[in-house]
Peer 1: 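Before I ask anything, here is the structure I am working with.
Just so we're clear, the structure is a prediction, and the values are computed from it rather than from any experiment. Convention: sequence-line order gives letters A, B, ...; per-chain numbering from 1.
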Number of protein chains: 2
Amino acid sequence: MSKKSNSKVLAGLERVGGFASAQELHLVLNRDSESIGLTTVYRALQSLVDEKAVDILRKEDGEAIFRLCGATHHHHLVCKSCGKTVEIEGGVIEKWAEQSGAENGFRDIGHTAEIFGICAAC
Amino acid sequence: MSKKSNSKVLAGLERVGGFASAQELHLVLNRDSESIGLTTVYRALQSLVDEKAVDILRKEDGEAIFRLCGATHHHHLVCKSCGKTVEIEGGVIEKWAEQSGAENGFRDIGHTAEIFGICAAC
DNA sequence: ACCCATAATGAAAATGGTTGTCATTTTCAT
DNA sequence: ATGAAAATGACAACCATTTTCATTATGGGT
């Protein structure tokens with residue numbers, strides 16, 4: 001029976017495309033006339049993380065954000081002043097993360113990377 | 001005046017040696033007859049992070065943990081399970097950030113990058 | 001079809017780390 | 001010493017997440 005909520009949540013994550021917090025996901029799902037409780041969203045996310053269908057990360061403020069596992073991910077170049085965001089290729093980073101992790105005996109390696117600065121317009 | 005609490009907190013971090021949460025730090029400090037409030041510990045940690053004297057990371061449950069920051073700019077490889085941390089050289093990243101930023105007309109470029117995984121012992 | 005055990009659901013309350021409030025205290029320059 | 005400004009800390013507010021618990025759906029055995 002958890003199957004149903006799990007697939008709703010997966011659908012939500014697909015719709016969102018990138019990262020989403022549990023609460024955002026709950027909003028999105030209910031906005032689209034999917035009636036699902038916040039508790040259930042949390043439980044579905046937890047079980048999806050357990051079965052490694054979903055990645056969990058932490059924002060700087062500690063809030064958990066989730067994304068589909070294996071979704072191609074990119075990095076962001078964000079303007080500290082106006083918030084303008086550019087998507088960046090990160091092939092170098094993937095390799096760096098993989099290699100650094102492996103060298104130190106780590107497995108299940110993931111990473112986060114953001115670049116920030118002031119854009120030309122600001 | 002924040003100087004005093006900041007140095008108390010720094011002393012606490014030295015005594016602890018590695019990572020400590022704000023609450024642990026508060027306990028340690030008061031156990032050692034340093035009278036300091038929890039609020040002040042949080043504020044001191046925040047300002048130390050701002051002035052880059054202290055690193056902040058997140059445990060898996062989202063709790064913030066802090067430690068003294070070495071002078072050299074490095075990145076971290078963190079075990080998602082036990083919190084073990086390895087410092088990583090990030091020369092590649094610096095270049096990647098600089099270049100990606102410049103290509104898009106950004107200035108004052110900074111970046112964050114963390115690698116995480118499961119360490120050999122876990 | 002009909003029970004019934006079991007799992008799933010979600011509203012509401014509890015938890016716990018973190019941050020905001022504000023009255024009080026300390027510091028420092030004059 | 002005195003007043004302004006910064007610092008402090010007890011307490012309350014906040015908010016993401018978890019727990020509780022009563023209700024509802026599911027599905028296998030008869």
Peer 1: Is there a Watson-Crick or G-U wobble partner for dT30(C) with both distances under 3.5 Å, and which nucleotide is it?
Peer 2: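 Base partner found: dA1(D).
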Peer 1: Tell me the interatomic distance from Leu38(A), atom CG, to dA8(C), atom C1', rounded to whole angstroms.
Peer 2: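 These atoms are roughly 16 Å apart.
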Peer 1: Between atom CZ in Phe66(B) and atom P in dG17(C), what is the gap in whole Å?
Peer 2: 13 Å
Peer 1: Figure out the CG/P separation between Leu29(A) and dT9(C), and round it to whole Å.
Peer 2: 13 Å
Peer 1: Starting at CD of Glu60(A) and ending at C1' of dT18(C), how long is that distance when rounded to a whole Å?
Peer 2: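 Taking atom C1' of dT18(C) as the reference, CD of Glu60(A) is at 15 Å.
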Peer 1: Is there a side-chain contact between Asp32(B) and Arg15(B) (heavy atoms, below 4.5 Å)?
Peer 2: yes
Peer 1: Nearest to the side chain of Ala64(B), heavy atoms from C-beta on, is which of dT8(D), dT19(C), dT18(C)?
Peer 2: dT18(C)
Peer 1: Need the pair for dT26(D). Rule: Watson-Crick or G-U wobble, both distances under 3.5 Å, any strand; none if unpaired.
Peer 2: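 Paired with dA5(C).
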Peer 1: Any non-hydrogen side-chain atom of Val92(B) less than 4.5 Å from a side-chain atom of Lys95(A)?
Peer 2: no
Peer 1: Could you state the NE2-C1' distance from His26(A) to dA12(C), rounded to the nearest angstrom?
Peer 2: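 So the two atoms are 13 Å apart, to the nearest Å.
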Peer 1: Are the side chains of Tyr42(B) and Thr39(B) in touch, meaning some heavy atoms are under 4.5 Å apart?
Peer 2: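 SC-SC contact between Tyr42(B) and Thr39(B) ruled out.
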Peer 1: Provide, to the nearest angstrom, the distance between the CG atom belonging to Asp61(B) and the C1' atom belonging to dA16(D).
Peer 2: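 These atoms are roughly 12 Å apart.
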Peer 1: Does a side-chain N or O from Thr39(A) land closer than 4.0 Å to OP1 or OP2 of dT9(C), or not?
Peer 2: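 For Thr39(A), the contact criterion (side-chain N or O under 4.0 Å from OP1 or OP2 of dT9(C)) is not met.
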Peer 1: Calculate the interatomic distance between Ile56(A) atom CD1 and dT18(D) atom P; express it in whole Å.
Peer 2: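 Nearest whole value for this atom pair: 8 Å.
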Peer 1: Rounded to whole angstrom units, what separation is found between the CD atom of Gln23(B) and the C1' atom of dG9(D)?
Peer 2: 15 Å
Peer 1: Does dA6(D) have its OP1 or OP2 closer than 4.0 Å to a side-chain nitrogen or oxygen of Lys4(B)?
Peer 2: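 False: Lys4(B) side-chain N/O out of range (4.0 Å or more) of dA6(D) OP1/OP2.
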Peer 1: As a test of reading the structure: which of dG17(C), dT17(D), dT18(D) is closest to the side chain of Glu63(B), going by heavy atoms?
Peer 2: dG17(C)
Peer 1: Considering heavy-atom distances to DNA chain D, does Tyr42(A) or Thr40(B) have its closest nucleotide positioned more toward the 5' end?
Peer 2: Thr40(B)
Peer 1: Would you indicate which nucleotide in dG9(D), dT18(C), dG10(C) comes nearest to any side-chain atom of Arg43(A)?
Peer 2: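 Per side-chain heavy atoms of Arg43(A), the pick is dG10(C).
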Peer 1: Within the side chain of Asp61(A), is there an N or O that forms a donor-acceptor pair under 3.5 Å with the backbone of Glu63(A)?
Peer 2: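 The answer is yes, because a donor-acceptor pair under 3.5 Å joins these two groups.
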Peer 1: Can any side-chain N or O of Arg58(B) pair as donor or acceptor with the backbone N or O of Glu60(A) at less than 3.5 Å?
Peer 2: yes
